[in-house]
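Every chain is numbered from 1, with letters handed out A, B, ... down the list of sequences. Quick caveat, the model's predicted, so the values are computed rather than measured.
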Protein chains: 2
Amino acid sequence: MTVTEAAAERLVRIGEVARSAGVSVRAVRYYEQQGLLTAERSPSGQRLYRQDTVTLVRFFQQMFAAGLTSRRIAELLPCWDTGHTDAEQRSMLRAERDRIQAKVDDLQAALDRLDEVIAVTDTHP
Amino acid sequence: MTVTEAAAERLVRIGEVARSAGVSVRAVRYYEQQGLLTAERSPSGQRLYRQDTVTLVRFFQQMFAAGLTSRRIAELLPCWDTGHTDAEQRSMLRAERDRIQAKVDDLQAALDRLDEVIAVTDTHP
DNA sequence: CTGAAAGCTGACACCGACGTCAGAGGCAAG
DNA sequence: CTTGCCTCTGACGTCGGTGTCAGCTTTCAG
């Protein structure tokens, strides 16, 4: 086994990526269309992904859950890939962070209100 | 001033409700359409709301922000109005509560990841 | 009286992350 | 060869809270 062969990543098809990451095949294609993923192609045209794509997809899901759009994620991807950021990216990062924090506070407030009601409705059957 | 007159609420039109609650007129009409609000009508057909409608609308906004749909809110409204709940409503309340709590946890995790990146990109300009 | 501002109904547009269907090709097993 | 599963492209559908436009009536201030 040569160094080159050892370094060669085992490539996986879209179905395996989707299953491993817990999303649909459609979703993975969508991410590629939005510029979040790149894939090699087999001679017949099938997408071939690196294994760590699964981690990336899980990360996307987390960011989606936090309310980031695919556009924003695409704009911030270089921060992860290269670890380098310009002023605009740093400001976007902070903006998203603040937005999420505000959302957490809103949700917590809503949670408190629901808990009040639950407490009342439990003592007043 | 009779007791009846004192008890008669001052009714406000949709524009004032919207402004006071910080939403659009369109939104208020939508809430009514979804069964979240009821309004009297003036002889000419204009909607007339009670003053506490403003509080109610703000509450709707908070629930929307927490991810409840107008349908769910409508189903749970009696819990607020009457303070009485049946088993189904109590289970819905708990389900929503748990869903929001999970969402808070997700957001917090996303927040932590963003903060990591921010920390890195600040020390590595 | 008159014009601006506000209200009414009804209906179509929008966003964003997918679901879903159609029609066609690829690939290993029996 | 066939069967069955996977993959491809392309395109339209979905949901939910609102924006928005059209066309008409009501209200209010000057």
In terms of side-chain heavy atoms of [X], which of [options] is nearest?
| X | options | value |
| --- | --- | --- |
| A:Ala27 | C:dC18, C:dG26, D:dT26 | C:dC18 |
| A:Ser44 | C:dG26, C:dA17, C:dG7 | C:dG26 |
| B:Ser24 | D:dA11, D:dG19, D:dG17 | D:dG19 |
| B:Ser42 | D:dG19, D:dT27, C:dA17 | D:dT27 |
| A:Gln46 | D:dG17, C:dA17, D:dT7 | D:dT7 |
| A:Ile14 | D:dT26, D:dT7, C:dG16 | D:dT7 |
| A:Arg41 | D:dT18, D:dG17, D:dT9 | D:dT9 |

What contact category does [X] fall into here, base, sugar-phosphate, or nothing, at under 4.0 angstrom with non-hydrogen atoms?
| X | value |
| --- | --- |
| B:Arg29 | base |
| A:Gln33 | nothing |
| B:Phe60 | nothing |

I need the full list of ring pair (Phe, Tyr, Trp, His ring centres under 6.0 Å) pairs touching residues 12-34 of chain A, with sequence neighbours left out, sorted by first then second residue.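 Sorted result for residues 12-34 of chain A: A:Tyr31-A:Phe60, A:Tyr31-A:Phe64.
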
Any side-chain heavy atom of B:Asp106 sitting closer than 4.5 Å to one from A:Gln62?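 B:Asp106 vs A:Gln62: side chains apart.
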
Do A:Thr38 and A:Glu32 have side-chain heavy atoms sitting under 4.5 Å apart? no

What is the distance from [atom1] of [X] to [atom2] of [N], rounded to the nearest Å?
| X | N | atom1 | atom2 | answer |
| --- | --- | --- | --- | --- |
| B:Arg26 | C:dA11 | CZ | P | 12 Å |
| B:Tyr30 | D:dT20 | OH | C1' | 16 Å |
| B:Arg71 | D:dT14 | CZ | C1' | 16 Å |

Over 12 foreign heavy atoms within 6.0 Å of CZ, A:Arg58: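 Atom CZ in A:Arg58 is crowded, with more than 12 foreign heavy atoms closer than 6.0 Å.
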
Residue whose closest nucleotide on DNA chain C lies nearer the 5' end, A:Gln34 versus B:Arg47: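 Comparing both residues, the 5'-ward one is B:Arg47.
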
In degrees rounded to 10°, what angle is found between the helical axes fit to the five outermost pairs at each end of the helix from C:dC1-D:dG30 to C:dG30-D:dC1?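 Computed angle between terminal axes is 0°.
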
Phosphate oxygens OP1/OP2 of C:dA17: is one of them under 4.0 Å from a side-chain N or O of A:Ser70? yes

Check the pair A:Glu75 / A:Arg72 against salt bridge (charged side-chain N to carboxylate O under 4.0 Å, His left out), numbers first and verdict last. CA-CA 5 Å; A:Glu75 290 168 341; A:Arg72 265 287 179 270; 2.7 Å; yes

Identify whether the distance between the nearest side-chain nitrogen and carboxylate oxygen of B:Arg99 and B:Glu96 falls below 4.0 Å. yes

Reported OG1-to-CG distance for the pair B:Thr121 and A:Leu76, which is rounded to 0.5 angstrom: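 If I round to the nearest 0.5 Å, the distance is 10.0 Å.
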
